[in-house]
Enquirer: 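Got a structure for you, questions after.
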2 protein chains.
Amino acid sequence: MQAAERRARKTEMKREAILRSAAAAFRRKGYHGTSMEDISEALLMTKGSLYYYFKDKEEILYACHDFSLDRVLERMRQVLADGKGDNAETRLRALVQGFVDVMIDDLQGSALALDFTALKPELLARIIAKRDQFERGMRGVITEGVKSGEFKRTDAKLATLAILGAINWIGKWYRPDGPFNAAEIGKTYSDLFVNGLRAK
Amino acid sequence: MQAAERRARKTEMKREAILRSAAAAFRRKGYHGTSMEDISEALLMTKGSLYYYFKDKEEILYACHDFSLDRVLERMRQVLADGKGDNAETRLRALVQGFVDVMIDDLQGSALALDFTALKPELLARIIAKRDQFERGMRGVITEGVKSGEFKRTDAKLATLAILGAINWIGKWYRPDGPFNAAEIGKTYSDLFVNGLRAK
DNA sequence: TTGACTTTTGAACGATTGTTTGAATACTAA
DNA sequence: TTAGTATTCAAACAATCGTTCAAAAGTCAA
């Protein structure tokens, strides 16, 4: 009876395909600017079929956010675990590079840039909780560096927001056939921010 | 016959009030997520009245962008003119601080963050031209600093995008009643970026 | 007050959109 | 093949939205 399992996996793959199509459309035209038909057309389906996989349009938006944040958080945990003994500079550098990589290669720039104002309070709260978790992780590394004297005294929250903003903005201008790849962007960005924070 | 002039000025003020209301709504809910009624309600008008001042919704979005970009460009010209003899570091610092100020105090965070994908090609092209003009201004200062040896060798375009991204992102989290004001944010951001670019 | 004008209104329109539903089709176990 | 389940479709729905327009209300010089 492993056929049921195969079917379940196939359904799961279709769900993810819908999410990819939706995320791409949301990124280009915004949540309200994207119709259910926009999402289904790209997959050669009719819009009605989407309701077999998702309750409504809002659930698709929620799933997009949740999926993206899980990828980003997963990478953060991995980076922080791998760099356990390293100094703040090395950890921050790995964090920035990792975030840029996930952003460009896995999420095509959508990560935290989609409008989440369209979510109802309950779903919004869950997304914000995950987003805050990521923000705290990065702020923790910066605070660490300030305390150890590696980084100059600065407001860790503002510095975190600056870094996250710069990276989240990548989705607005990045083009896969453009002049930069994820590695270059990550290198330049992490250089800029790490040097910017370093004590003299 | 100066009454005609007074009337004209009053009409102009109403146009700007509509733009402010529209920009606030666009920022919170996106262009497609904002209805003409959302815009007019906040001004105690009916949506039909908006068409006395603007041809259609798209023209309102265009005017929002154009207004914001004019403010930003105006500040940039002023900063670059005032700092004529200064070194790249001082000029970049003033540019970042000026952009943050305009962004927060004049534009309540909307500057370049509104969806311009909703504009038809002709209008879009004009907005992009102005946005590029600003981008070139900032890139110019960075390139200058790299050439003079003040800044370390780095990709000026990527550095510019990082800085603009961080500042444009401010509108996503800034709250007037929050813990930071424009001066603090500008100081922290300009420190971060100027130090990040400086040659050792 | 009159009369020419600017501005606002409120209702109506056509189009689009998210969602529902019942029938049609594809798939799979027996 | 057949029966039962999973998936897709096409049509119809109610609601919302951008836009138009003729009439009403407001403004102000003469």
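Per chain, numbering begins at 1; letters A, B, ... match sequence-line order. In this text, all values refer to a predicted model and were calculated from it rather than measured experimentally.
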Enquirer: At under 4.0 Å, does any side-chain N or O of A:Tyr51 touch on OP1 or OP2 of C:dT21?
Expert: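 Looking at the OP1 and OP2 atoms of C:dT21, neither is under 4.0 Å from any side-chain N or O of A:Tyr51.
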Enquirer: Name the nucleic acid region contacted by A:Lys47, choosing base, sugar-phosphate or nothing; use a 4.0 angstrom heavy-atom cut-off, strictly under.
Expert: base
Enquirer: Go through C:dG18, C:dT7, C:dT8 for me and flag the one nearest to the A:Met36 side chain.
Expert: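 Within the option list, the nearest is C:dG18.
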Enquirer: Side chain of A:Met45: nearest nucleotide among C:dT6, C:dT9, D:dC9?
Expert: D:dC9
Enquirer: For B:Phe54, answer base if it contacts any base atom (sugar-phosphate contacts may also be present), sugar-phosphate if it contacts only those atoms, and nothing otherwise; contact means non-hydrogen atoms under 4.0 Å.
Expert: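 Answer is nothing: B:Phe54 stays at 4.0 Å or more from every strand.
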Enquirer: Choosing from D:dC9, D:dT7, D:dC17, which nucleotide comes nearest the side chain of B:Ser35?
Expert: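 Of the options given, the side chain of B:Ser35 lies nearest D:dC17.
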Enquirer: Pick base, sugar-phosphate or nothing for B:Thr34, based on heavy-atom distances below 4.0 Å to the nucleic acid.
Expert: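 If one applies the 4.0 Å heavy-atom cut-off, B:Thr34 turns out to touch the sugar-phosphate alone, with no base involved.
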Enquirer: Ignoring the backbone of B:Asp56, work out which of C:dT7, D:dT19, D:dA6 is nearest its side chain.
Expert: D:dT19
Enquirer: Quick check for you: among C:dT9, D:dC9, D:dG18, whose closest atom lies nearest to any side-chain atom of B:Thr46?
Expert: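 Shortest atom-to-atom distance from the side chain points to C:dT9.
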Enquirer: How close or far is atom P of D:dC17 from atom NZ of B:Lys29, stated in whole angstroms?
Expert: 8 Å
Enquirer: Closest approach to the side chain of B:Ser49, judged atom by atom: which nucleotide of C:dT8, D:dT8, C:dG18 is it?
Expert: C:dT8
Enquirer: Thinking salt bridges, do B:Arg93 and B:Asp191 make one under a 4.0 Å N-O criterion?
Expert: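 Yes, B:Arg93 and B:Asp191 are salt-bridged.
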